[in-house]
Amino acid sequence: MWSLRAWRHRRILARHPLDAQRWAEVRTRLPILDGLDAREELRLQQRAVLFLHSKQLSALPGVELDDSGRLFLAAQAQLPLLHLADLNWYGGFHEIVLYPDDFVSPQRHRDASGVEHEYDDARSGEAWQHGPVILAWPGVQSSGDWEGYNLVIHELAHKLDMLNGDANGLPPLHSDMRISDWATAMQSAYDDLNAQLDRDADAETPIDPYAAENPAEFFAVTSEYFFTAPDLLQQAYPAVYAQLKEFYRQDPLARLQRLQVEHPDYRPAEYD
Ligand code: ZN
């Protein structure tokens, strides 16, 4: 079927071909793309170009943003969508604002007894419902490796979560998924993580304790692990890994394990 959207996309791609040398340079800073096959990598490149065409990247003073940096960010933004139908998953926002450093965000929280608390929170990223995504540039630059950390994927996971309302840890699931399966897997892992931290606030948790903040952060942090430390996530919370695999329609753990079989010294065994 002829589609205006597909036609527009083809026209944009024809007018803005990707510079192969620039891609090669950016690609060396993105080990999390290792093991993608040629078709996947081509699709990722094209979607990165389209992403940059549809989003405004606004760099605040102090951020040195060049075309390589833009492509580096866009490629990471597109990894989670790689096997999702070419829908407008990042619709509803137009701008990504890049801060030169972590920033302070005023927070308001009403506790169980109804008392309102106001406090400042240091952040490296934020995603606003119907608004922009804010990313601290140093956090973007430290993303891209198999390290259990990826600021771009984290904040954009919040955007996926917000597609069906407030960020609550439940993005719009595919029709072949069951909300009850999702809720059971996420809730029991979330409860387990919180129980570990209740016993000992300094506990060595299997994933970043920030995931225990609330269900929205749990989804964003486990999405980071899914794409950048899939072995750790699978080991800690296999049911969560399985649900994310259903949702993102890809299997980064299989990709990582293939790389490790092909190149036994592929990646340091230890995460930071
Ligand atoms: Zn978050």
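Atoms considered below: every heavy atom in the structure, side chains included; atoms not considered: hydrogens, waters and symmetry mates. When a ligand or atom number is given, it counts from 1 through the structure's own listing order. Residues take their numbers from the sequence shown, with the count starting at 1.
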Could you tell me the separation between the CG atom of L36 and the CG atom of L79, rounded to the nearest 0.5 Å?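 Answer for the CG-CG pair, L36 versus L79, is 6.5 Å.
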Could you measure the distance from the CG atom of L170 to the CE atom of M186? Nearest 0.5 Å is fine.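 Interatomic distance, L170 CG to M186 CE, rounded to 0.5 Å: 9.0 Å.
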Which protein atoms of type N, O or S are found under 2.8 Å from the Zn ion (ligand 1)?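 Counting only protein N, O or S atoms under 2.8 Å from the Zn ion (ligand 1), the list reads H154 NE2, H158 NE2, E217 OE1, E217 OE2.
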Once the angle between the rings of Y266 and H263 is folded into 0 to 90°, is it parallel (under 30°), tilted (30 to 60°) or perpendicular (over 60°)?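 It falls in the tilted class, 30° to 60°.
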Quick one: sort the F227 and Y248 rings into parallel, tilted or perpendicular, breaks at 30° and 60°.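 The rings of F227 and Y248 stand perpendicular, inter-plane angle above 60°.
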Honestly, is K245 close enough over F226, meaning NZ or CZ under 6.0 Å from the six-membered ring centre and within 45° of the axis?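 Here K245 fails the 6.0 Å and 45° test against F226.
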N/O donor to acceptor pairs below 3.5 angstrom from side-chain atoms of residues 232-241, sequence neighbours left out:
| residue | atom | partner | partner atom | Å |
| --- | --- | --- | --- | --- |
| Y237 | OH | D192 | OD2 | 2.6 |
| Y241 | OH | D251 | OD1 | 2.6 |
| Y241 | OH | L253 | N | 2.9 |

